[in-house]
There are 2 protein chains.
Amino acid sequence: MPRTTTDGDGTPVPERLLAAATRLFAERGYDRTSVQEIVEAAGVTKGALYHYFGSKDDLLHEVYARVLRLQQERLDAFADQDEPVEERLRGAAADVVVTTIENLDDAAIFFRSMHHLSPEKNKQVRAERRRYHERFRALIEEGQKAGVFSTETPADLVVDYHFGSVHHLSTWYRPDGPLTPQQLADQLAGLLLRALRP
Amino acid sequence: MPRTTTDGDGTPVPERLLAAATRLFAERGYDRTSVQEIVEAAGVTKGALYHYFGSKDDLLHEVYARVLRLQQERLDAFADQDEPVEERLRGAAADVVVTTIENLDDAAIFFRSMHHLSPEKNKQVRAERRRYHERFRALIEEGQKAGVFSTETPADLVVDYHFGSVHHLSTWYRPDGPLTPQQLADQLAGLLLRALRP
DNA sequence: CTCAGCAGACTAACCAGTCGGTATGGAGAC
DNA sequence: GTCTCCATACCGACTGGTTAGTCTGCTGAG
């Protein structure tokens, strides 16, 4: 009954909605999740959802925007460090694995639901994704020019190769597996770096 | 007006339905494709579809079954060859890239729509998928035991790493890119083999 | 008193699957 | 050779259920 935007528990309603939507989208897919289920999981009603978001599609877009922002920030932080390029690349490659595992729901949504976004939003997400991709590629090209990475494979392909696996983590990663997220990340970064040995 | 199962063009109705479904599922996703659209694209009506398939879900399962069968056969052929393990692995790793590109629609469906299958069918597909995975892993372990591949990364991880990228081909492969499918396949197989150098 | 912040009944559209019906090629009777 | 009968192949209107989004109205803080 209070008017405050944070009733029930402490978190504001829009965030509760986003969290509920993220979980449900990852669990049963975008189309299989009804708006009704989302609002029930968030402990509100449709009125609240359409008060904060323009559409179901908007909600999905917000999920994408959040994860894109986060990943770009982290990549930039690693790329801007003052270390040899191998170590910057290794750090960035491993970090994206760890943060992906920490947000497996986001990852599952990301690669399964892009085509559910409206065309313009899809385009927007692709553009941001490309920025991320380019930054990563620049790291590899830097290493190639410096002679510390093999030039046998175009940097583009290497990036796609690595991120293909990262995006697929949500399919094959098991939290009860033998490796901690950090160990797994180090292994995958190791594979990438070894593939790049001259 | 003939009773034959192949009217209109030459292909039998069930195959026409499967082809139409494959294309549409890849294009707009399983849930966004109505049964009505499928039958219209195949030039028949619902009666025909439900005559040959038990459900929409069944249709999806058939798509999976077909591609799984094909890929397993091809992998087996490469693995059974009488060549050094590096070359068998290279051949298999490149071949799966080429056949994936040749059936990009199947690949897009594969990794986006697994969770739309009914639980038992999902289990069945996973089991077949695991067989494929194991065969591939066995190749890598063979090379590791023989000392021609590095043992730094568990074979399991290497397989997931490679197939993550392959499954993602449908996201980033562009037919108008600079590389032919075979060249791209050789590059990716090269990356895999280089990552496995001792 | 007013308006952000929500509640929840309502609507218009859609959709998977059903079911009674039609046409046709062939198997067997004669 | 032809007539009967039936299984196969398919048609398409219909049903029961679901869903995104709308809209009117309530409530309490400032």
Side-chain angles (χ1 to χ4, degrees), chain A residues 1-22 24-25 27-63 109 113 115-121, chain B residues 1-22 24-25 27-63 109 113 115-121:
Chain A
M1 65 289 294
R3 180 194 170 187
T4 78
T5 162
T6 87
D7 67 1
D9 57 17
T11 28
V13 170
E15 282 178 37
R16 291 222 309 275
L17 283 164
L18 260 169
T22 303
L24 289 168
F25 287 165
E27 208 167 279
R28 8 191 194 236
Y30 179 77
D31 280 320
R32 301 273 172 116
T33 305
S34 72
V35 169
Q36 192 58 42
E37 288 170 325
I38 297 172
V39 298
E40 270 167 26
V44 292
T45 62
K46 283 194 178 188
L49 194 155
Y50 284 96
H51 181 70
Y52 291 109
F53 301 94
S55 63
K56 189 184 172 187
D57 181 90
D58 240 43
L59 207 51
L60 180 60
H61 188 213
E62 272 308 309
V63 176
I109 295 172
S113 305
H115 61 298
H116 290 136
L117 283 170
S118 69
E120 334 104 65
K121 283 178 190 144
Chain B
M1 68 287 291
R3 181 195 170 187
T4 79
T5 162
T6 87
D7 67 0
D9 57 16
T11 28
V13 171
E15 282 176 38
R16 291 221 309 274
L17 283 166
L18 234 90
T22 303
L24 289 167
F25 288 165
E27 206 167 279
R28 6 187 189 231
Y30 179 78
D31 279 320
R32 301 273 172 114
T33 304
S34 73
V35 168
Q36 193 58 42
E37 288 171 323
I38 297 172
V39 297
E40 270 166 26
V44 293
T45 61
K46 283 194 179 186
L49 193 154
Y50 284 97
H51 181 69
Y52 290 109
F53 300 94
S55 63
K56 188 184 173 188
D57 180 89
D58 239 42
L59 208 51
L60 180 60
H61 187 212
E62 271 308 309
V63 176
I109 296 172
S113 305
H115 60 298
H116 290 136
L117 284 170
S118 69
E120 332 105 65
K121 283 178 190 144

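The sequence lines fix the lettering, A, B, ..., with proteins before strands; numbering per chain opens at 1. Only a predicted model underlies this, so the values are computations on that prediction, with no experimental measurement involved.
Nucleotide dG17(C) holds its P atom 19 Å from the OH atom of Tyr52(B), rounded to whole Å. As a whole-Å value, the separation of Glu40(B) CD from dC15(C) C1' is 13 Å. Atom CZ in Phe53(B) sits about 11 Å away from atom P in dC10(D), given to the nearest Å. Atom CG in Leu24(B) sits roughly 13 Å away from atom P in dC15(C) (whole-Å rounding). To the nearest angstrom, P of dA20(D) lies 14 Å from CG of Asp58(A).
Taking 4.5 Å as the limit, some side-chain heavy atom of Arg32(B) sits within range of a side-chain heavy atom of Tyr30(A). Annotation: side chain of Leu17(B) is in contact with side chain of Ile38(B) (closest heavy-atom distance under 4.5 Å).
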### Task
Applying side chain to side chain contact (heavy atoms under 4.5 Å, CB included), run through Glu37(B) and Arg28(B) and close with a yes or a no.
CA-CA 11 Å; Glu37(B) 288 171 323; Arg28(B) 6 187 189 231; 3.7 Å; yes
Find every protein N or O atom lying less than 3.5 Å from an N or O atom of nucleotides 22-25 of chain D, and list the pairs.
none

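The stretch residues 28-38 of chain A comes close to DNA chain D through Thr33(A), Ser34(A), Val35(A), each having a heavy atom under 4.0 Å from the strand.
Proximity of a side-chain donor or acceptor of Glu15(B) to a complementary backbone N or O of Pro12(B) within less than 3.5 Å is not detected. Checking side-chain atoms of Ser113(A) against main-chain N and O of His116(A) turns up no donor-acceptor pair under 3.5 Å. At least one donor-acceptor pair under 3.5 Å links the side chain of Arg16(B) to the backbone N or O of Ala42(B).
Between Ile109(B) and Thr22(B) the shortest heavy-atom distance is CD1-O, 3.3 Å.
For the pair His51(B) and Lys56(A), both in contact range of DNA chain D, the more 5′-proximal nearest nucleotide belongs to His51(B).
For Ser55(A), counting side-chain heavy atoms from C-beta on, the closest listed nucleotide (dA16(C), dA7(C), dG21(D)) is dG21(D).
Note on residues 45-57 of chain A: pairs passing salt bridge (Lys or Arg N to Asp or Glu O under 4.0 Å), not counting sequence neighbours, are Asp57(A)-Lys121(A).
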